[in-house]
2 protein chains.
Amino acid sequence: MNRKEDIILKAARLFRKKGFSSSSMRDIAGSVGIEAPSLYNHIKSKHEILEIILLEIAEDFTNGMNSICESDKKASQLLKEIIDLHITLTIKKTDQIGLLTHEWINLTGAAREKFLKLRNDYELNFKKVIEKGMMEGEFKKLHIDLTLFSTLSTLRWLYAWYKSNQDMDIDRLRSDMYTLLVDGLTQGLD
Amino acid sequence: MNRKEDIILKAARLFRKKGFSSSSMRDIAGSVGIEAPSLYNHIKSKHEILEIILLEIAEDFTNGMNSICESDKKASQLLKEIIDLHITLTIKKTDQIGLLTHEWINLTGAAREKFLKLRNDYELNFKKVIEKGMMEGEFKKLHIDLTLFSTLSTLRWLYAWYKSNQDMDIDRLRSDMYTLLVDGLTQGLD
DNA sequence: ATATTTGACTAACAAACGTTAGTTAGCTTG
DNA sequence: CAAGCTAACTAACGTTTGTTAGTCAAATAT
């Protein structure tokens, strides 16, 4: 099964560089070092490759979020843990995360529905954390969806920034993200 | 020339929904209401459509940024004007902006170089505003690139949020964005 | 040692792709 | 009114696409 993992990995890298639709099975095979038809000894279709990549990383996020939400800490602490989750996954699976935001449009049928459900649940849990912070007076009272969207877009774009700044100290990254995303919400309260 | 504009507009909508590579010339023609070969009476190639869309919106941003940077106001004021620029363009050209962040990978040759130069210059000007704010003691001193990237990703993702919240009051959106992106940098200074 | 499975290969398919050629109806211009 | 231009059409092109069929050598299991 090492081959299969290699195919998925190389495909993810290619999809990120050229996009899913612009990457052919011959491209993928070439970057693995085999011929295109040989791919089908390991995967069912080109679409299945994308499904595996996207659903795996979506489930990583869902699992991480669920275990964070189980506890009843302060909202600011929960937010920090969510930030940690994003940083950890970004470092571990940079290429896959780069596909999350846009390439899901190439999913169809059940895979598409499942992916969107995971994403929606994730955002809903995230939203609850922000609402909690605002309700308990820890966060500024802003438009909730806009705050969610703003925080999330920074976290989602981390991968693009990380790719060209891999030398940065992770602890520094973490603490600056806290300042940017948490302190911005908690400080300056009137 | 009305047809040409219509083609560009319909193509932008299609590209955003299905991606550039997954949208065929027959798809585009269909959404315009003509046959695929008739497109070539108005445009040179499929790639040219993407180039027109991306370079036009990139130049909109560049022009906006340049006229903002001409003045010597406080950094916080400049940042607010940059936010205004993003909001204005997002409302006026939602579909086109949705392509900016990812579909440029389908550009080749001179168009790609030109686009990336525009984008890079834009980010450099943006960075100067943030640096100015930090140097003059108006903004918190954080990792500059990370701050830039965080602010920019929120602004770049506005289009996705706007699409499903078109009923929101623009002035409310503007003021909440100020709070989120400007106050977060200025408040809580030690 | 024999049988079976694995995983690579070449050949090839049908469909879809961007695009060109050639034609024609209708509008614009002298 | 005639000439030329515009912008649509159909037919068809050569490529590239994802994928299937069939083959075969090496590894694995019995």
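Keep in mind that the numbers below use all heavy atoms, side chains included, and drop hydrogens, waters and symmetry copies. Quick note on labels: first sequence line is chain A, next is B, and so on, each numbered from 1. All values derive from a computational prediction rather than experimental measurement.
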Q: Does the distance from a Lys or Arg side-chain N to an Asp or Glu carboxylate O, for A/Lys127 and A/Glu131, drop under 4.0 Å?
A: no
Q: Return the value, rounded to whole Å, for the distance between atom NZ of B/Lys18 and atom C1' of C/dA16.
A: 12 Å
Q: Categorize B/Ser23 for me: base, sugar-phosphate, or nothing, with a 4.0 angstrom heavy-atom threshold over every strand shown.
A: sugar-phosphate
Q: With the threshold set at 4.0 Å, does a side-chain nitrogen-carboxylate oxygen contact exist between A/Lys17 and A/Asp95?
A: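 Salt bridge flag = no for A/Asp95 with A/Lys17.
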Q: With respect to the side chain of A/Ser45, which nucleotide from D/dT19, D/dT17, C/dC17 is positioned closest?
A: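 Of all the options, the side chain of A/Ser45 is nearest to D/dT19.
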Q: Quick one: on DNA chain D, does A/Asp27 or A/Lys44 contact a more 5' nucleotide (nearest heavy atom)?
A: A/Asp27
Q: Rounded to whole angstroms, how far apart are CG on B/Asn2 and P on D/dA7?
A: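 Going from CG in B/Asn2 over to P in D/dA7 covers 11 Å.
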Q: How are the rings of B/Phe61 and B/His86 set relative to one another: parallel (under 30°), tilted (30 to 60°) or perpendicular (over 60°)?
A: tilted
Q: Provide, to the nearest angstrom, the distance between the CD1 atom belonging to B/Ile7 and the P atom belonging to D/dA8.
A: 7 Å
Q: Over how many whole Å does the gap from A/His47 atom NE2 to D/dT19 atom P extend?
A: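 From A/His47 NE2 to D/dT19 P: 8 Å.
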Q: Is the NZ or CZ atom of A/Lys93 both under 6.0 Å from the centre of the six-membered ring of A/Tyr159 and within 45° of that ring's axis?
A: no
Q: Counting only distance, no hydrogens or angles, is the base of D/dG18 paired donor-acceptor with the side chain of A/Arg26 under 3.5 Å?
A: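 Donor-acceptor pair under 3.5 Å: yes.
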Q: Are there over 12 heavy-atom neighbours, none belonging to A/Asp171, within less than 6.0 Å of that residue's CG?
A: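 Correct, the count exceeds 12.
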Q: Give the rounded distance in Å between these two atoms: CZ of A/Phe20 and C1' of D/dT17.
A: 12 Å
Q: Could you tell me how the ring of A/His102 sits relative to the ring of B/His102: parallel (under 30°), tilted (30 to 60°) or perpendicular (over 60°)?
A: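 Tilted, since the angle between the ring planes falls between 30° and 60°.
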Q: Rounding to an integer number of Å, can you tell me how far B/Met25 CE sits from D/dT16 P?
A: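 It works out to 18 Å between those atoms.
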Q: Please work out whether the ring planes of B/Trp104 and B/Phe115 are parallel, tilted or perpendicular, with thresholds of 30° and 60°.
A: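 Ring orientation, 0 to 90° scale: parallel.
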Q: Can you tell me the distance, in whole Å, between the CG atom of B/Asp6 and the C1' atom of D/dA8?
A: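 Nearest whole value for this atom pair: 15 Å.
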Q: Give the rounded distance in Å between these two atoms: CD1 of A/Ile43 and C1' of C/dT6.
A: 16 Å
Q: Mind running a 4.0 Å heavy-atom check of residues 31-42 of chain A against DNA chain C and sending the residues that fall below it, in number order?
A: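 Contacts with DNA chain C under 4.0 Å: A/Ile34, A/Glu35, A/Pro37, A/Ser38, A/Asn41, A/His42.
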